[in-house]
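All ligand and atom numbering here is 1-based and tracks the order in the structure. Here, residue 1 is the first one in the sequence, and each next residue gets the next number. Every heavy atom of this structure was used, including side-chain atoms; hydrogens, water molecules and symmetry mates were not. The structure presented is a predicted model; accordingly, all values stated were derived computationally and were not measured.
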Amino acid sequence: MFRKILIANRGEIAVRIIRACREMEIYTVAVYSEGDRDSLHAYMADEAVCIGAANPQDSYLNMHSIINTAVLKQVEAIHPGFGFLSENPEFAKLCEDCNITFIGPSSHCISLLGDKSRAKETMKAAGIPTIPGSDGLISDVDEGIAIANEIGYPVLIKATAGGGGRGIKIVNNDAELKNAFIIAKNEASAFFGNGGLYIEKYLENTRHVEFQIFGDKFGNYVHLGERDCSLQRRNQKIMEESPSPALSPELRERMGETAVKAAQAVGYYNTGTVEFLLDQDKNFYFMEMNTRIQVEHPVTEMVTGIDLIKEQICVAAGRKLSFSQEDVNFRGFSIEARICAEDPEKGFMPTTGKIEYLHIPNGMGIRFDSHIYQGYKIPIYYDSMLGKLIVLGSTRKDALRKLRSALSELVIEGVTTNIDFLSNLLNEPEVVSGRYNTNFINKVLVRNSGIS
Ligand code: ADP
Ligand code: ADP
Ligand code: MG
């Protein structure tokens, strides 16, 4: 096992990884930016090194600064968390070249799957159902228009290097496509450093159902069930649950097998998530694969009892998977709510401030993964997520009640958050019954604003 690991991230996921390392008696090195001097992950790690200015480009995305720190501190492995460099094949390759284990899949797999259009082609060739759309990237507007007319509007223009809900545009006709194409191309170049675009049919009334998979370096594969992430705002997940209210045991098995097949098709190892869209007729389509630990991974940990971060570290260290498919048992119902510093009344605009008062809920089946503390100043440079409140109940109804109760107990003063918005969401009849799709929050917002 590794003696020392560097965590190339910040916020709650860095804290989460440090906790796992401590339990495994692995020494930790945190890296932090000048904007994060007072951050919990820097305090908690055994050692902490400032790697640059607050702007992510100068610190958490600064590959050379991070690798230099790793070499200097003689770490044996780097955990990239999510976001930042976690899906950057160049960074994974740099680790490989420096003889530092990257805790994740091979750089080859990251580059293959991180390019969403290429990933889709690969999966299609492996016999996995994909969403109708362009075969690969589209080179110009005319090609886009031809494809859109073939598959029928509405269609999505997607940035092949996009992520985090960014780089997706819906268009309803030729004129809209013409306008959006140019803008999307420029934005993709600016945000993702890659202007590649592809087109996909917009599937209405679908659910986002994703499967957690795990592979080791000996060719063993398992899936750990699904998460339903259909409650989204701006194509970004806000609440996730497992099991999905939409799956029968038979469909779960079929989708799980398909997810494993997707991982096998590319010789994947470590953990990953295969994202599917599920339509009303229960047809499912591969959307993309995320080659990293996911924000909502605790939901799967709650229902399986498996520590995904520890397993990631073990598999990276060359161990065999500690469980087989038969060993994975599911118990109960788990829901996660993402607590964000944002203003739902102002289009979920990120907010900032100092946490003047904090009270964290507790109790059986309640977990709060977070990096905040009373007196903490929220830096303006990073993601607005303050933490994740996760519950485990014996039934879905029980889990809903538990989350409602825990949310009502959570107090964060000094900064505007989405706590009330989440509480209200939990009382919506569609959420209570489990009959919601990815468009649900938009519908609620339109209704509440009085626009018909
Ligand atoms: P998950 O699929 O784990 O729910 P999200 O889509 O919420 O992940 O993204 C996780 C984190 O990574 C967020 O902080 C998000 O902003 C960031 N992120 C994901 N993909 C990208 C990307 N291509 N570029 C920049 N940030 C990204
Ligand atoms: P990201 O890389 O940002 O996570 P995804 O391709 O996973 O982007 O899509 C994000 C979300 O956008 C999905 O969870 C879904 O709600 C919506 N979406 C993506 N593709 C489609 C589609 N073809 N039809 C309908 N909704 C889609
Ligand atoms: Mg996605």
Practice prompt. Run through Gln212, Glu275, Gln294 and flag the one making a side chain to side chain donor-acceptor pair (under 3.5 Å) with Arg227.
Written response: Gln212
Fill in: Option whose closest heavy atom lies nearest to atom 11 (C) of ligand 2, chosen from Lys201, Glu200, Gln232
Gln232
Worksheet item: Hey, is ligand 2 close enough to Ile168 that some N/O pair sits below 3.5 Å?
Response: no
Discussion item. Does only the side chain of Lys116 get under 4.0 Å from ligand 2, or the backbone, or both, or neither? Count heavy atoms.
Written reply: side chain
Practice prompt. Ignoring hydrogens, just give me the one of Tyr285, Tyr202, Phe276 whose non-hydrogen atom is nearest atom 26 (N) of ligand 2.
Written response: Tyr202
Discussion item. Please confirm whether Lys158 approaches ligand 2 to less than 4.0 Å, judged on its heavy atoms.
Written reply: yes
Worksheet item: Should we say atom CD of Glu253 is surrounded by more than 12 heavy atoms from elsewhere, each under 6.0 Å from it?
Response: no
Worksheet item: Has the side chain of Ser230 got a donor or acceptor atom that lies under 3.5 Å from a matching backbone atom of His208?
Response: yes
Worksheet item: Any N or O on Gly164 sitting closer than 3.5 Å to an N or O of ligand 2?
Response: yes
Worksheet item: Do NZ/NE/NH1/NH2 and the carboxylate oxygens of Arg207 and Glu226 come within less than 4.0 Å?
Response: no
Discussion item. Between Glu200 and Lys120, does any NZ, NE, NH1 or NH2 come within less than 4.0 Å of an OD or OE carboxylate oxygen?
Written reply: yes
Item to complete: Under 4.0 Å, heavy atoms only, figure out whether ligand 2 is touched by the backbone of Asn290, its side chain, both or neither.
Response: neither
Worksheet item: Side chains of Pro80 and Arg292: closer than 4.5 Å at any heavy-atom pair?
Response: no
Discussion item. If you consider just the N/O/S atoms, which atom of Glu275 is the closest one to the Mg ion (ligand 3)?
Written reply: OE1
Discussion item. Taking 4.0 angstrom as the limit and counting only heavy atoms of Ile131, give me the atoms of ligand 2 inside it, by number and element.
Written reply: 23 (N)
Response to the item:
Restricting Glu288 to its N/O/S atoms, the closest one to the Mg ion (ligand 3) is OE2
Worksheet item: Within the structure, does Gly165 bring an N/O atom to less than 3.5 angstrom of an N/O atom in ligand 2?
Response: yes
Discussion item. With side chain to side chain contact (heavy atoms under 4.5 Å, CB included) as the test, pick out the partner of Lys169 among Lys158, Glu176, Glu187.
Written reply: Glu187
Worksheet item: What atoms of ligand 2 come closer than 4.0 angstrom to any heavy atom of Gly162?
Response: 2 (O)
Discussion item. Students often mix this up, so state it plainly: with edges at 30° and 60°, are the rings of Phe276 and Phe211 parallel, tilted or perpendicular?
Written reply: perpendicular
Worksheet item: More than 12 non-hydrogen atoms from neighbouring residues, nucleotides or ligands closer than 6.0 Å to NZ on Lys310, yes or no?
Response: yes
Worksheet item: Between Glu275 and ligand 2, which part of the residue brings a heavy atom under 4.0 Å of the ligand: side chain, backbone, both or neither?
Response: side chain
